[in-house]
Amino acid sequence: MSKFVKNIITEELKKRLGGVENALLVNLVGMQVNDSNKLRAVLAEKDVRVMVVKNSLAARAVAGTSLEAAFKGISGNTAVCWGASDIVSLAKEVVKVTKEKQFAKFSILGGVLDGEAFAAPQAVEISKWPTREEQIAILLGQITGVASKLSSQLTSGGANLASQIKQRWDKDGEETEEPAAE
């Protein structure tokens, strides 16, 4: 491949991977074309993009970015998966697909999270973490739980007092009504 063509491919990779901070490297070698297309369609439904790259050109394209660590020590052709709402959602979708019998030759090679490379077993561990949406829900539950408890404690004293006054009023009202009825 000529230097001119390599530069064109490198620039295209820079455009496509620009702004991507977290990604998984996967292996598509040995998959039938139809299976590969089905895999891409399944992942595309979950907003996950897959692109096969030549590692040396991808390493040049991502030099100086957070993806740089992922391509150190990798050789041959690799596919890059990125997208979804966060790295946890991405890992969940990719791990789920690797377990399907139809995509048996599809495997995770590693990835990068916040500029640090990790291996395939860590990708499986990351897939078990709560997603961004789940973390927000947990946090909101914790915040509103405390506020709800505080609110109920502040209002419970007044509610108890009002209940006691009402009971006393009803009791006094009953005593005053009986003599008037006779």
Discussion item. Please give me the minimum heavy-atom distance between Gly115 and Ala69, naming the atom from each residue.
Written reply: O-CB, 3.5 Å
Worksheet item: Does Ser56 reach the side chain of Arg60, with side-chain heavy atoms less than 4.5 Å apart?
Response: no
Practice prompt. To the nearest 0.5 angstrom, please state how far the NZ atom of Lys46 sits from the NZ atom of Lys92.
Written response: 12.0 Å
Worksheet item: Considering only heavy atoms from C-beta outward, does the side chain of Glu134 approach that of Trp129 to under 4.5 Å?
Response: no
Worksheet item: Which heavy-atom pair separates Leu90 from Gly83 by the least distance, and what is that distance?
Response: CB-O, 4.1 Å
Fill in: Separation between CD of Gln122 and CD1 of Ile126, rounded to the nearest 0.5 Å
7.5 Å
Worksheet item: Is any side-chain heavy atom of Leu17 less than 4.5 Å from a side-chain heavy atom of Met51?
Response: yes
Worksheet item: If you measure from CG on Asn55 to NZ on Lys72, what distance do you get to the nearest 0.5 Å?
Response: 14.0 Å
Item to complete: May I ask you to check whether Asn7 and Thr10 show a side-chain donor-acceptor distance below 3.5 Å?
Response: no
Worksheet entry | Interatomic distance, Trp82 atom CH2 to Asp47 atom CG [nearest 0.5 angstrom] | 11.0 Å
Practice prompt. Could you state whether Val62 and Phe118 fall into the same hydrophobic cluster, counting links through intermediate Ile, Leu, Val, Met, Phe, Trp or Tyr residues with side-chain heavy atoms under 4.5 angstrom apart?
Written response: no
Discussion item. Ignoring hydrogens, what is the shortest heavy-atom contact between Ala79 and Val50? Give both atom names and the distance.
Written reply: CB-CG1, 4.0 Å
Worksheet item: Does Met1 reach the side chain of Leu57, with side-chain heavy atoms less than 4.5 Å apart?
Response: yes
Worksheet item: Can you tell me how far the NZ atom of Lys15 sits from the CD atom of Glu12, to the nearest 0.5 Å?
Response: 5.5 Å
Worksheet entry | Over all atoms of both residues, closest heavy-atom pair of Ala91 and Leu24 | CA-CD1, 3.9 Å
Fill in: Phe71 side chain near Val112 side chain, heavy-atom distance below 4.5 Å
no
Worksheet item: Would you say Leu67 and Val80 make side-chain contact, with heavy atoms under 4.5 Å?
Response: no
Worksheet item: Would Phe106 and Leu28 count as a side-chain contact (heavy atoms from CB on, under 4.5 Å) if you check the C-alpha gap in whole Å, the side-chain angles of each, and the deciding distance to 0.1 Å?
Response: CA-CA 5 Å; Phe106 178 69; Leu28 296 173; 3.4 Å; yes
Worksheet item: Distance-only, no hydrogens or angles: does the Glu100 side chain make a donor-acceptor pair with backbone N or O of Val97 under 3.5 Å?
Response: no
Practice prompt. Keeping the roles fixed (side chain from Asn22, backbone from Ile87), state whether a donor-acceptor pair exists under 3.5 Å.
Written response: no
Item to complete: Taking all heavy atoms of Gln102 and all of Asp35, pick out the closest pair and write down the distance.
Response: NE2-OD1, 3.7 Å
Practice prompt. Using the rule that two of Ile, Leu, Val, Met, Phe, Trp, Tyr join whenever any of their side-chain heavy atoms come within less than 4.5 Å, decide whether Val29 and Leu39 are in one cluster.
Written response: no
Worksheet item: Can Phe103 be reached from Val95 by stepping across I, L, V, M, F, W or Y side chains whose heavy atoms are under 4.5 Å apart?
Response: yes
Worksheet item: Side chains of Arg16 and Arg49: does their closest heavy-atom pair fall under 4.5 Å?
Response: no
Worksheet item: Given the rule that I, L, V, M, F, W and Y join up when any side-chain heavy atoms are under 4.5 Å apart, are Met31 and Val52 in one cluster?
Response: yes
Discussion item. Can you tell me how far apart CG (Leu109) and SG (Cys81) are? Round to the nearest 0.5 Å.
Written reply: 10.0 Å
Worksheet item: Closest heavy-atom contact between Ala70 and Leu25?
Response: O-CD1, 3.2 Å
Worksheet item: Transitively linked via ILVMFWY side-chain contacts under 4.5 Å: Val88 with Leu43?
Response: yes
Item to complete: Keeping the roles fixed (side chain from Glu68, backbone from Gly64), state whether a donor-acceptor pair exists under 3.5 Å.
Response: yes
